[in-house]
Amino acid sequence: MFIGYFLRAIAHQTAWIGQWGEPIAGPVFLQLWQLYLMELAVGANRLPLWVKPMVFVVCLAPFAWLAYQAFAGGLGPDPAEAILASTGVWALRLLALTLFVTVLRQWLGKPWPIRLRRMLGLYTFFYASLHFLTFANFYLGWTPAILAEELLERPYITVGFLAWLLMLPLAVTSTQGWQRRLGRSWRKLHKLVYPAAVLGCIHLFWQVRSDVTEALVYCLVFALLLGWRARVWLPAKKV
């Protein structure tokens, strides 16, 4: 790569027009250095090619480990409860990471973190769906009447189901095609992620029976993320 910069600088020893339309004149090594710095400035705004595959594999790893444990008989005396707990926790963790992407972009002042948001959001819905399907299969037996009864009698199941319903249209409309079809309404629709996060925290907190420490940690993390978003969004609404 550096040799490429050197050859390009030699080819334009007298003057080189950069991508901003500014001529660079002077000795070849000065041109080489200026060209290199410009390339670095542009590259800082790009997402490295290896990042997305790495994030994909990392997000898939909990499911792969869970599947391995299921086939190896390592889920303990109550496999259904183990699967339910694991998928629920990972759905919350990835939802927190999805919200953190916006914070990271604002901290860095770079656009590239946003390119990871869709993948993280879809993995959030993937684990939330596994969580719901596990409950439907092992606890409800795919019986709508039992689901209706559980929704009426157990509030934590009600809010969890509502959180999943709010994420459903976000997953369906996550493509660029839907973004073009919906136009400005797309951003409004995807703000449903915020009430979904609140409902997810309530779902976790209400089902805790004894030690609430872990639930409080998750609630605190989401409170910070939503508070950061509100701090940025509310002043913009006043202008």
Side-chain angles (χ1 to χ4, degrees), residues 59-60 62-67 69-71 73 75-99 118-175 178 181-182 185-223 225-226 229:
C59 291
L60 187 62
F63 173 73
W65 176 250
L66 195 62
Q69 291 287 89
F71 284 108
L75 294 178
D78 192 348
E81 179 62 28
I83 296 173
L84 196 67
S86 179
T87 52
V89 164
W90 278 105
L92 277 177
R93 290 172 179 173
L94 289 168
L95 181 56
L97 285 175
T98 304
L99 295 176
R118 178 172 178 265
M119 182 188 298
L120 292 172
L122 288 175
Y123 262 115
T124 299
F125 183 72
F126 171 69
Y127 282 102
S129 296
L130 287 179
H131 185 70
F132 173 66
L133 293 175
T134 301
F135 181 73
N137 184 67
F138 293 104
Y139 294 90
L140 303 180
W142 301 100
T143 305
I146 300 179
L147 173 61
E149 182 180 345
E150 293 287 336
L151 291 175
L152 289 174
E153 294 182 357
R154 302 189 184 187
Y156 77 90
I157 294 178
T158 306
V159 296
F161 184 65
L162 289 175
W164 181 81
L165 286 179
L166 288 178
M167 287 189 288
L168 178 58
L170 306 187
V172 172
T173 62
S174 64
T175 63
W178 273 107
R181 292 188 194 99
L182 295 175
S185 300
W186 187 86
R187 288 184 176 273
K188 295 179 181 179
L189 175 64
H190 279 251
K191 287 180 180 179
L192 290 176
V193 68
Y194 303 124
V198 173
L199 291 174
C201 289
I202 296 174
H203 172 69
L204 174 64
F205 192 79
W206 278 357
Q207 65 180 301
V208 175
R209 298 175 182 175
S210 55
D211 188 6
V212 298
T213 304
E214 183 179 6
L216 287 175
V217 170
Y218 280 102
C219 290
L220 177 60
V221 169
F222 278 100
L225 290 171
L226 295 177
R229 186 58 186 162

Quick one: closest heavy-atom pair of [X] and [Y], and the distance?
| X | Y | answer |
| --- | --- | --- |
| L225 | A96 | CD1-O, 3.4 Å |
| Y156 | H203 | O-ND1, 2.5 Å |
| F205 | V212 | CE1-CB, 4.3 Å |
| A215 | L204 | CA-CD2, 3.8 Å |
| M167 | A128 | CE-CB, 3.5 Å |
| A196 | A163 | O-CB, 3.8 Å |

Which distance, rounded to the nearest 0.5 Å, do you find between the [atom1] of [X] and the [atom2] of [Y]?
| X | Y | atom1 | atom2 | answer |
| --- | --- | --- | --- | --- |
| L99 | Y194 | CG | OH | 6.5 Å |
| L166 | L189 | CG | CG | 10.0 Å |
| E150 | F135 | CD | CZ | 4.5 Å |
| M119 | L97 | CE | CG | 12.5 Å |
| F132 | I157 | CZ | CD1 | 10.5 Å |
| L92 | T87 | CG | OG1 | 10.0 Å |

Indicate yes or no for a side-chain donor-acceptor contact from [X] to the backbone of [Y] under 3.5 Å, with no hydrogens or angles considered.
| X | Y | answer |
| --- | --- | --- |
| W186 | T173 | yes |
| Y127 | C59 | yes |
| S86 | I83 | no |

- Task: Side-chain contact test, heavy atoms from C-beta onward, threshold under 4.5 Å: evaluate it for E81 versus Y139 and give yes or no.
- Result: yes

- Does some side-chain heavy atom of F125 sit less than 4.5 Å from a side-chain heavy atom of L168?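 Result yes, sub-4.5 Å side-chain heavy-atom pair found.
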
- Go through L84 and F138 one step at a time and tell me if the side chain to side chain contact (heavy atoms under 4.5 Å, CB included) criterion holds. CA-CA 10 Å; L84 196 67; F138 293 104; over 6 Å; no

- Take V159 and V198 through the side chain to side chain contact (heavy atoms under 4.5 Å, CB included) test and state the conclusion after the steps. CA-CA 9 Å; V159 296; V198 173; over 6 Å; no

- V193 vs L95, side chain to side chain contact (heavy atoms under 4.5 Å, CB included): CA-CA, chis, key distance, verdict: CA-CA 9 Å; V193 68; L95 181 56; 3.6 Å; yes

- Message: Tell me whether the rings of F161 and W164 are parallel (<30°), tilted (30 to 60°) or perpendicular (>60°).
- Response: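 Ring orientation of F161 relative to W164: parallel.
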
